[in-house]
Amino acid sequence: MKLRLFAMLFLGAFSFGAQTLAQETPSADGAKVYFVNLQDGAEVHSPFKVVFGLSGMGVAPSGVEKAKTGHHHLLIDRPALGEGSDGADELMYGLPADEQHLHFGGGQTETTLELEPGSHTLQLVLGDMGHVPHNPPVMSEVITITVK
Ligand SMILES: [Cu+2]
């Protein structure tokens, strides 16, 4: 009996702890992000415009807590979300901000990119107010483009 109570308290503490961690912001069923103006295999001249599409959820600036919203992130020249060496961490704690992870925390829905000539990969990922992917993540396919 005593042991059972302890186990319940332990499990209770664990689940509380898990909730305060991330990937707890639910996405909307069927939500999608996508590239409006670029397809896999596209050839572009730098600088070029990238337009972000979102359906089934809304765009909100980072730091704004509102259900079923998020802001865009553009992942450049790296493995698909969740598949790199930091895959588990980025799903749990959020995306870094560097030249491979652009945040559009103002709620922007497009950008202009300047990339070196050659082949590059791009992926769009929606993040919550704290830059953490939703659960389940709302992300585009990884597309490969060639910059002429
Ligand atoms: Cu962000």
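Everything numeric here is computed off the predicted structure, so don't read it as measured data. The chain is numbered in sequence order, starting from 1. Heavy atoms only: backbone and side chains are in, while hydrogens, waters and symmetry mates are out.
- Heavy atoms only, all atoms of each residue included: P136 and S27 are closest at O-OG, 2.7 Å.
- Shown here for H134 and T69, the closest heavy-atom pair between the two residues is NE2-O, 2.9 Å.
- In terms of heavy atoms, P133 sits closest to G94 at CD-CA, 4.3 Å.
- The minimum heavy-atom distance between V142 and D40, with the atom names listed, is O-OD1, 4.4 Å.
- Hydrophobic cluster membership is shared by I143 and L102, with clusters built from Ile, Leu, Val, Met, Phe, Trp and Tyr side chains linked at under 4.5 angstrom.
- For the pair L122 and I145, the minimum side-chain heavy-atom distance is below 4.5 Å.
- Side chain of N135 to main chain of E24: no donor-acceptor pair is present (N/O by atom type, distance under 3.5 Å, no hydrogens or angles).
- Residues meeting the side chain to side chain contact (heavy atoms under 4.5 Å, CB included) test with E65, sequence neighbours left out: M129.
- Shown here for V51 and N37, the closest heavy-atom pair between the two residues is N-OD1, 3.0 Å.
- Hydrophobic clustering places V33 together with I76 (ILVMFWY residues linked when any side-chain heavy atoms are closer than 4.5 Å, directly or through intermediates).
- For the pair E90 (side chain) and G82 (backbone), a donor-acceptor distance under 3.5 Å is present.
- Legend: residues meeting side chain to side chain contact (heavy atoms under 4.5 Å, CB included) with P96, ordered by chain and number and at least two apart, are D98, H101.
- Using a 4.5 Å heavy-atom threshold, the side chains of L113 and V147 count as separate.
- With hydrogens and angles disregarded, a donor-acceptor distance shorter than 3.5 Å links the side chain of D128 to the backbone of V132.
- Pairs engaging residues 35-61 under the ring pair (Phe, Tyr, Trp, His ring centres under 6.0 Å) rule: F52-H72, F52-F104 [sequence neighbours left out].
- Taking every heavy atom of both residues into account, L38 and V50 meet most closely at CD1-CG2, 4.0 Å.
- Aromatic ring pairs are classed by plane angle as parallel below 30°, tilted from 30° to 60° and perpendicular above 60°; the pair H131 and H73 is perpendicular.
- The side chain to side chain contact (heavy atoms under 4.5 Å, CB included) check on A28 picks up A31, M57, K68, with sequence neighbours excluded.
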Next item on the list: Decide side-chain contact (heavy atoms from CB on, under 4.5 Å) for L81 and L91; before the verdict, give the C-alpha distance in whole Å, the side-chain angles of both, and the deciding distance to 0.1 Å.
Entry: CA-CA 8 Å; L81 180 76; L91 289 173; 3.8 Å; yes

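- Applying the salt bridge (Lys or Arg N to Asp or Glu O under 4.0 Å) test to pairs two or more places apart or on separate chains, those with a residue in residues 136-148 are E43-K148.
- The CG atom of L124 sits 12.0 Å away from atom CE of M139, with the distance rounded to the nearest 0.5 Å.
- A distance of 11.0 Å separates CG of L126 from OG of S140, quoted to the nearest 0.5 Å.
- Sorted by first and then second residue, the pairs that involve residues 108-121 and meet side-chain hydrogen bond (donor to acceptor under 3.5 Å, both in side chains), not counting sequence neighbours, are K49-E110, D77-H120.
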